[in-house]
Engineer: 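Structure in structure tokens, see below.
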Amino acid sequence: MCSYLSNRKSNSFELMILNEIAVSPDTMFSKNDNRPFMIAGPCSAESEAQVMETARALLSADIDLFRAGVWKPRTRPGAFDGAGSVALSWLQRVKNEIGLKTTTEVASAQQVEEALQHEIDVLWIGARSSANPFSVQEIANALQGVDIPVMVKNPTNPDLELWIGAIERIQEAGIKQIAAVHRGFSTYGESIFRNEPYWEIPIELRRRMPSIPLICDNSHICGNRVDLASVAQYALDLNYDGLMMETHCHPDEAKSDPQQQITPQAYKELIGALIFKRETTDDADFLKYLDEVRAKIDELDLEVLNLLAKRMKLSEEIGLHKKHTKVSVLQVARWNEILEKAKDMGRERGLSEGFISHYLSAVHQESIARQAGAKD
Ligand code: PEP
Ligand code: MN
């Protein structure tokens, strides 16, 4: 696994939570015999021939849903913004002639209407729409009384409440089968990702909405072909329910997102090399071992909590003294010293710098708040 993935904070914690959550079985998005729900197809439906050729080549890839954007949200004007309504009939051909279920993005009531008229099987709400409650509500209103599965992508900005809010609006419209699609979040500045995954956000979504299946759109997280497999595997390690991957019969010539699309053959090879993870096991020895280790972890967690409580008490004491001697709460030199020392000590103990700095920042924030609020 790539180091940028294994370095992320609290991995074992993430795995622990996600391994224990069951998605209700009455949804088309759930795993089938431990195999994730698979969505593949081009970023955009560009021509009837491209759609049909890609779908035919994907038939032997055992996918559950064929994706293609009919209306494409593009950042700048002048880019290819989808073939539009005419492409819906191409998706209808995929369904009727090739036998694959289809899905496309809808961003307005009009688009919902047209997609339904063309028997699209599943709708998805794109990241830009999810970021806008007006758009989500318009779509939700158009879905009142309609029985169709809907996928809700995360909003472009790393705002969990907005993502949850979008899902709730669709739930309130009466839609029963809803999946959340994690496609990463916009960032400013350098990143190896096109959209930062911020894995802690989908993990928290899962904690808050355990019955909503979670699908990883690794194509839009990566923005390239080389990292697709490792990000997909990471999502499966976190017990995601499915994967959505952009697949094009001639990726280099794609009119949108050429750099991240792969051929159906490459898709099959990538999926074939993934290791699917089980939610649980009936291996009694393993379960016994897990219980024992977890009991030790629980004990250590308690110890850490007790130590943190003691540490905060000391902070409060210092806070009082600082208050009486009129010394400022924040002393940057001291904070730097704590951080640098901890990073060194952490390194010696096999704890990553990222983890130490996340952990200590939280401790320091709390400590400052305690000092500032210290009362006689
Ligand atoms: C897409 O899936 O092609 C797409 C436009 O995605 P997003 O809304 O995640 O940018
Ligand atoms: Mn795309």
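Both counts, for ligands and for their atoms, begin at 1 and track the order of listing.
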Engineer: Over 60° means perpendicular and under 30° means parallel, so classify the ring planes of Phe185 and Trp163, tilted if in between.
Structural biologist: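 Perpendicular: the ring planes of Trp163 and Phe185 meet at over 60°.
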Engineer: Let me know which of Arg294, Lys296, Lys288 forms a salt bridge (charged side-chain N to carboxylate O under 4.0 Å, His left out) with Glu292.
Structural biologist: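 One option only clears the test, and that one is Lys288.
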Engineer: How does Glu105 reach ligand 1, by side chain, by backbone, by both or by neither, if only non-hydrogen atoms under 4.0 Å count?
Structural biologist: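 Side chain only.
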Engineer: Check residues 164-180 and write down every donor-acceptor pair under 3.5 Å in which the side-chain atom is one partner and the other belongs to a residue at least two apart or another chain.
Structural biologist:
residue	atom	partner	partner atom	Å
Arg169	NH1	Gln137	OE1	2.8
Gln177	OE1	Met28	N	2.7

Engineer: Which atoms of ligand 1 are found less than 4.0 Å from any heavy atom of His220?
Structural biologist: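 Within the 4.0 Å cut-off of His220, ligand 1 contributes 1 (C), 2 (O), 3 (O), 4 (C), 6 (O).
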Engineer: Looking only at protein heavy atoms, which one is nearest to atom 6 (O) of ligand 1, and how far off is it?
Structural biologist: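 Answer for atom 6 (O) of ligand 1: Lys153 NZ, 2.9 Å.
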Engineer: If you define the side chain from C-beta out and look only at heavy atoms, does anything of Leu243 sit under 4.5 Å from Leu274?
Structural biologist: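 Yes, close enough: below the 4.5 Å cut-off.
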Engineer: Please list, in number order, the atoms of ligand 1 under 4.0 Å from a heavy atom of Arg128.
Structural biologist: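 Contacts of ligand 1 toward Arg128, numbered from 1: 7 (P), 8 (O), 10 (O).
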Engineer: What about Leu314 and Leu330, same hydrophobic cluster or not, with Ile/Leu/Val/Met/Phe/Trp/Tyr joined at side-chain heavy-atom distances under 4.5 Å?
Structural biologist: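 Different clusters.
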Engineer: Nearest protein heavy-atom contact for atom 3 (O) of ligand 1: which residue, which atom, what distance?
Structural biologist: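 Residue, atom and distance for the closest contact: Lys72 NZ, 2.6 Å.
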Engineer: Taking only non-hydrogen atoms of Glu246, do any sit less than 4.0 angstrom from ligand 1?
Structural biologist: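 Distance cut 4.0 Å: Glu246 passes for ligand 1.
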Engineer: Quick one: which ligand 1 atoms are inside 4.0 Å of a heavy atom on Gly126?
Structural biologist: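 Answer, ordered by atom number: 8 (O).
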Engineer: If the contact criterion is a heavy-atom separation under 4.0 Å, does Cys43 count as touching ligand 1?
Structural biologist: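 It does, in that a heavy atom of Cys43 comes within the 4.0 Å cut-off of ligand 1.
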Engineer: Should the pair Tyr240 and Trp199 be assigned to parallel (<30°), tilted (30 to 60°) or perpendicular (>60°) ring geometry?
Structural biologist: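 Perpendicular, since the angle between the ring planes exceeds 60°.
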Engineer: Please state whether the rings of His321 and His324 are parallel, tilted or perpendicular, taking 30° and 60° as the class boundaries.
Structural biologist: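 Rings of His321 and His324: perpendicular, as their planes differ by over 60°.
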Engineer: Considering all heavy atoms of both residues, which atom of Ala232 and which atom of Asn218 are nearest to each other, and what is their separation?
Structural biologist: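 That would be CB-ND2, 3.4 Å.
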Engineer: Which residue pairs pass the side-chain hydrogen bond (donor to acceptor under 3.5 Å, both in side chains) test when at least one of the two sits in residues 33-51, sequence neighbours left out?
Structural biologist: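 Counting only pairs at least two positions apart or across chains, the side-chain hydrogen bond (donor to acceptor under 3.5 Å, both in side chains) contacts touching residues 33-51 are Arg35-Asp62, Arg35-Asp64, Ser44-Ser256, Glu46-His248, Glu48-Arg93, Gln50-His248.
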Engineer: Output side-chain donor-acceptor pairs under 3.5 Å for residues 68-79, partner residues at least two apart or in another chain, one line each.
Structural biologist:
residue	atom	partner	partner atom	Å
Lys72	NZ	Cys43	O	3.1
Arg74	NH1	Phe80	O	2.7

Engineer: Looking only at heavy atoms, which two atoms of Leu287 and Thr280 are closest? And how far apart?
Structural biologist: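 Looking at all heavy atoms of both residues, the closest pair is CD2-OG1, 4.4 Å.
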Engineer: Leaving out waters, which are not shown anyway, how many protein N, O or S atoms lie closer than 2.8 Å to the Mn ion (ligand 2)?
Structural biologist: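 Count of protein N, O, S atoms less than 2.8 Å from the Mn ion (ligand 2): 4.
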Engineer: What is the nearest protein non-hydrogen atom to atom 9 (O) of ligand 1, stated with its residue, atom name and distance?
Structural biologist: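 Minimum-distance protein heavy atom for atom 9 (O) of ligand 1 reads Arg183 NE, 2.6 Å.
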Engineer: Who's the nearest protein heavy-atom neighbour of atom 8 (O) of ligand 1, and how far?
Structural biologist: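 Result for atom 8 (O) of ligand 1: Ala127 N, 2.8 Å.
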